[in-house]
Structures are given as structure tokens and as C-alpha cells.
Amino acid sequence: LVAIANSVHWSRAKAADVIVGEGEPGSNFFLLGEGSVKVVRRGRLLNLINAGEFFGEIPYVLGQPRRRHATVVATRNLLLGEFRPDALARLSPAAQLGLIRALARNLVERLMLSNKRLTG
């Protein structure tokens, strides 16, 4: 955890700040330390993300920069951890595995929520 924490760039953002924009290129992903964000695609609300959750991880998981699928906007003031692939590549394999497991857990929880919404 210490190695992962040392590879994160921490910053603050204010409510209504756009963190990532739909269609923008990107390879980094984020962890909310404090606050919440909304995820919007083509003007439609997809999700609300709270402290302790990741977002923007698709390029990292797929191993290549990609255009963002959605816009992420702060709904409250944020403490934001930004993970950059070049910094993560320097982590030990064990630290990378721990991070991948956390990302996978986050993605599975998001998938389960989507399934619940689709099936009522």
C-alpha cells in the first residue's frame, strides 16, 4: 500500500469542476479520496461515484490510451488521487497485482449495479 500511495499524485478540485471530458484522450485513472462525482455520457447520468471508488480506469486496464467514454464532474469538493501508467509501471509486481484486484472489485461492483438497474 505504501508503494501504491507513493505513486499517486494528489490534488483538490471544486464542485462543478470537470475532471475528464467525454472524447478526450487519456491513460490515467483516479481514486476519490473525498467528495463525489457524477458520470455523464451524451448528457445522460450514468453513475454517481463516492469517496473510496476509482474512475477512468478503462485505458489502464486495457493497456493503452483511449478516448474517454464519459464526462466526470465534481458534485462536491474533491481530494483526488491520480494514477499515471508510467508511475505504476515502476511498482513491484505484487503492488501492481493489489491495485488490479482493487480495480477489478470496483468494476464488478459497478457491473452488479448496472445489472440491478437493468433488471429492476
Side-chain angles (χ1 to χ4, degrees):
L1 289 177
V2 172
I4 293 170
N6 288 335
S7 68
V8 178
H9 172 74
W10 292 97
S11 63
R12 297 227 175 241
K14 295 180 182 177
D17 284 356
V18 174
I19 309 305
V20 296
E22 185 174 343
E24 293 177 353
S27 59
N28 52 347
F29 65 96
F30 302 89
L31 171 67
L32 282 179
E34 295 175 359
S36 61
V37 297
K38 63 181 178 180
V39 181
V40 179
R41 184 171 186 185
R42 298 182 186 154
R44 184 175 180 188
L45 179 65
L46 296 180
N47 203 3
L48 297 173
I49 297 175
N50 297 303
E53 295 182 77
F54 295 98
F55 67 90
E57 67 282 346
I58 291 173
Y60 178 71
V61 171
L62 294 178
Q64 61 185 4
R66 301 183 69 87
R67 296 209 175 270
R68 301 291 184 178
H69 292 280
T71 297
V72 179
V73 181
T75 58
R76 297 180 12 208
N77 291 344
L78 306 178
L79 174 61
L80 192 61
E82 181 178 354
F83 292 86
R84 297 180 178 142
D86 58 328
L88 295 175
R90 293 188 293 270
L91 293 175
S92 71
Q96 289 182 37
L97 178 60
L99 182 59
I100 290 294
R101 284 184 174 156
L103 286 171
R105 185 173 34 259
N106 196 93
L107 289 168
V108 167
E109 289 170 356
R110 209 173 288 155
L111 178 61
M112 289 169 44
L113 177 62
S114 293
N115 288 344
K116 184 177 179 179
R117 286 179 180 163
L118 288 172
T119 60

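- A search for salt bridge (charged side-chain N to carboxylate O under 4.0 Å, His left out) contacts involving Arg84 returns Glu82, not counting sequence neighbours.
- For Arg68 (side chain) and Gly56 (main-chain N/O), a donor-acceptor pair under 3.5 Å exists by modelled atom type.
- Cluster partners of Leu62 are Ile58, counting Ile, Leu, Val, Met, Phe, Trp and Tyr whose side-chain heavy atoms approach within less than 4.5 Å, directly or via other members.
- Classified by interplanar angle (parallel below 30°, tilted 30° to 60°, perpendicular above 60°), the ring pair Phe29/Phe83 is parallel.
- A distance of 10.0 Å separates OG1 in Thr71 from NZ in Lys38, rounded to the nearest 0.5 Å.
- Panel note: side chain Arg44, backbone Val40; no donor-acceptor pair is recorded below 3.5 Å.
- Through direct or relayed side-chain contacts under 4.5 Å between Ile, Leu, Val, Met, Phe, Trp and Tyr, Leu118 connects to no other residue.
- Here the CG-CZ distance, from Leu32 to Phe55, works out to 5.0 Å after rounding to the nearest 0.5 Å.
- Within the 4.5 Å cutoff, side-chain heavy atoms of Leu31 are placed close to those of Trp10.
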Please tabulate, for side-chain N and O atoms in residues 91-112, each donor-acceptor pair with protein atoms closer than 3.5 Å (sequence neighbours left out).
residue: Ser92; atom: OG; partner: Ala95; partner atom: N; Å: 3.1
residue: Gln96; atom: NE2; partner: Leu88; partner atom: O; Å: 3.3
residue: Gln96; atom: NE2; partner: Leu91; partner atom: O; Å: 2.9
residue: Asn106; atom: OD1; partner: Phe54; partner atom: N; Å: 3.2
residue: Asn106; atom: ND2; partner: Phe54; partner atom: O; Å: 3.4
residue: Arg110; atom: NH1; partner: Glu57; partner atom: OE2; Å: 2.9
residue: Arg110; atom: NH2; partner: Phe54; partner atom: O; Å: 2.5

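- Take Ser36 and apply the side chain to side chain contact (heavy atoms under 4.5 Å, CB included) test, not counting sequence neighbours, and it matches Asn50, Thr75, Arg76.
- Counting only residues at least two apart or in different chains, side-chain hydrogen bond (donor to acceptor under 3.5 Å, both in side chains) contacts with residues 111-120 are absent.
- Placement of Leu46 and Ile49 within a single hydrophobic cluster is found when ILVMFWY residues are connected by side-chain heavy-atom separations under 4.5 Å, directly or transitively.
- A 4.5 Å side-chain heavy-atom check between Val39 and Leu48 finds every atom pair outside the cut-off.
- Under a hydrophobic-cluster definition in which Ile, Leu, Val, Met, Phe, Trp and Tyr are linked whenever side-chain heavy atoms come within less than 4.5 Å, directly or via other members, Tyr60 and Phe30 are assigned to different clusters.
- Scanning all heavy atoms of the two residues, the minimum distance from Pro59 to Ser27 falls at CB-CA, 3.7 Å.
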May I have the list of side-chain donor-acceptor pairs in residues 11-25 shorter than 3.5 Å, sequence neighbours left out?
residue: Arg12; atom: NH1; partner: Glu34; partner atom: OE1; Å: 3.2
residue: Asp17; atom: OD2; partner: Lys14; partner atom: N; Å: 2.9
residue: Glu22; atom: OE1; partner: Arg42; partner atom: N; Å: 2.9
residue: Glu24; atom: OE1; partner: Gly21; partner atom: N; Å: 3.0

